[in-house]
Chemist: 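Sharing a structure with you now.
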Amino acid sequence: EVLEIKRIAHENFENVDKSIRRWMSHRPSTERRIADLNAQLQQRKNDQQQILLERIRDKEHAEVYTEMLKTCEDDMKKITEQIRQLEDLDATIKKRKIQLRTSMDLIDSIVADGAISDTHIRMLVDKITVSEVDGKLNVQITLNGKFRMHIDTYNENGEIVERDAEAWC
């Protein structure tokens with residue numbers, strides 16, 4: 001089971017590496033997109049100032065200008081959020097890689113030791129839920145870390161009769 005988790009962890013790590021390489025190859029276009037968004041943000045700020053001036057001059061139509069200001073502020077919030085998301089993408093990918101590396105190192109040390117100690121189990125397992133469903137024992141193990149989820153079904157002799165490894169957690 002630990003060897004399967006190790007394989008999945010290494011597979012996940014490779015996927016993050018691919019994401020980082022893909023991100024690095026698109027970085028110049030992302031930086032251009034951020035510059036464009038910053039220009040749009042500056043334009044909306046200028047628009048906001050112009051609308052304020054017009055609202056002061058044309059008090060009869062103040063409600064129209066107030067609505068225009070609200071739309072302008074909403075646009076500025078959206079643009080600011082897009083900029084933040086693009087800037088955070090790099091940090092998020094690198095943080096995810098560090099988290100996966102930590103999980104992989106733990107699993108690698110367990111495999112290298114050739115046995116699972118109580119300490120390893122406490123670090124690796126978040127919780128174990130045991131229940132009875134239709135007269136059968138159901139054991140669910142939730143791990144600390146992001147791994148591809150798989151479900152194994154065992155028969156009375158302890159042999160795997162079904163394995164579902166498609167879901168991700």
Chemist: Can you tell me how far the CD atom of Gln48 sits from the CD1 atom of Ile51, to the nearest 0.5 Å?
Modeler: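 CD1 of Ile51 is found 7.5 Å from CD of Gln48.
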Chemist: Inspect the contact between Asp74 and Lys78 and indicate whether a charged nitrogen and a carboxylate oxygen are less than 4.0 angstrom apart.
Modeler: no
Chemist: Any link between Met68 and Ile56 through a network of hydrophobic side chains (Ile, Leu, Val, Met, Phe, Trp, Tyr) touching at under 4.5 Å?
Modeler: no
Chemist: With clusters defined by side-chain heavy atoms of hydrophobic residues (ILVMFWY) lying less than 4.5 Å apart, directly or transitively, does Leu52 cluster with Leu41?
Modeler: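 Not linked; separate clusters.
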Chemist: Partners of Lys127 by salt bridge (charged side-chain N to carboxylate O under 4.0 Å, His left out), sequence neighbours excluded?
Modeler: none
Chemist: Under 4.5 Å between any side-chain heavy atoms of Ile83 and Asn38, yes or no?
Modeler: yes
Chemist: With hydrophobic residues grouped by side-chain heavy-atom distances under 4.5 Å, do Leu137 and Ile128 end up in a single group?
Modeler: yes
Chemist: Using 4.0 Å as the upper bound for N to carboxylate O, is an ion pair formed by Arg84 and Glu81?
Modeler: yes
Chemist: Decide, yes or no, whether a salt bridge links Asp36 with Arg32 under the criterion of side-chain N to carboxylate O below 4.0 Å.
Modeler: no
Chemist: In Å and rounded to the nearest 0.5 Å, what is the CD1 to CD distance from Ile8 to Glu11?
Modeler: 7.0 Å
Chemist: With clusters defined by side-chain heavy atoms of hydrophobic residues (ILVMFWY) lying less than 4.5 Å apart, directly or transitively, does Met76 cluster with Leu69?
Modeler: no
Chemist: Can you tell me how far apart CD (Glu73) and OG1 (Thr80) are? Round to the nearest 0.5 Å.
Modeler: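 So the gap between those two atoms works out to 11.5 Å.
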Chemist: Taking the side chain as everything from C-beta on, heavy atoms only, tell me whether Asp108 gets closer than 4.5 Å to His10.
Modeler: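 Yes, at least one pair of side-chain atoms sits under 4.5 Å.
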Chemist: Flag yes if Ile98 and Met104 sit in one hydrophobic cluster, no otherwise; membership is Ile, Leu, Val, Met, Phe, Trp, Tyr, and two members link when side-chain heavy atoms are under 4.5 Å apart.
Modeler: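 No; tracing contacts between hydrophobic side chains, which count when under 4.5 Å, never links both residues.
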Chemist: Once rounded to the nearest 0.5 Å, what's the spacing between atom CD of Gln50 and atom NZ of Lys45?
Modeler: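 Gln50 atom CD to Lys45 atom NZ measures 15.5 Å (nearest 0.5 Å).
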Chemist: Would you indicate whether the side-chain heavy atoms of Glu67 and Glu63 approach each other to under 4.5 Å?
Modeler: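 No, every pair of side-chain atoms sits at 4.5 Å or beyond.
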Chemist: Between Gln49 and Asn46, is the side chain to side chain contact (heavy atoms under 4.5 Å, CB included) condition met? List the steps.
Modeler: CA-CA 5 Å; Gln49 290 175 354; Asn46 292 339; 4.2 Å; yes
Chemist: Filter on salt bridge (charged side-chain N to carboxylate O under 4.0 Å, His left out), then keep only pairs touching residues 49-59, sequence neighbours left out; what's left?
Modeler: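 Matches after skipping sequence neighbours: Glu54-Arg57.
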Chemist: Before you tell me yes or no, could you show the steps for Asp47 and Gln43 under side chain to side chain contact (heavy atoms under 4.5 Å, CB included), namely the whole-Å CA-CA distance, both residues' side-chain angles and the distance that decides it to 0.1 Å?
Modeler: CA-CA 6 Å; Asp47 293 346; Gln43 179 59 49; 2.7 Å; yes
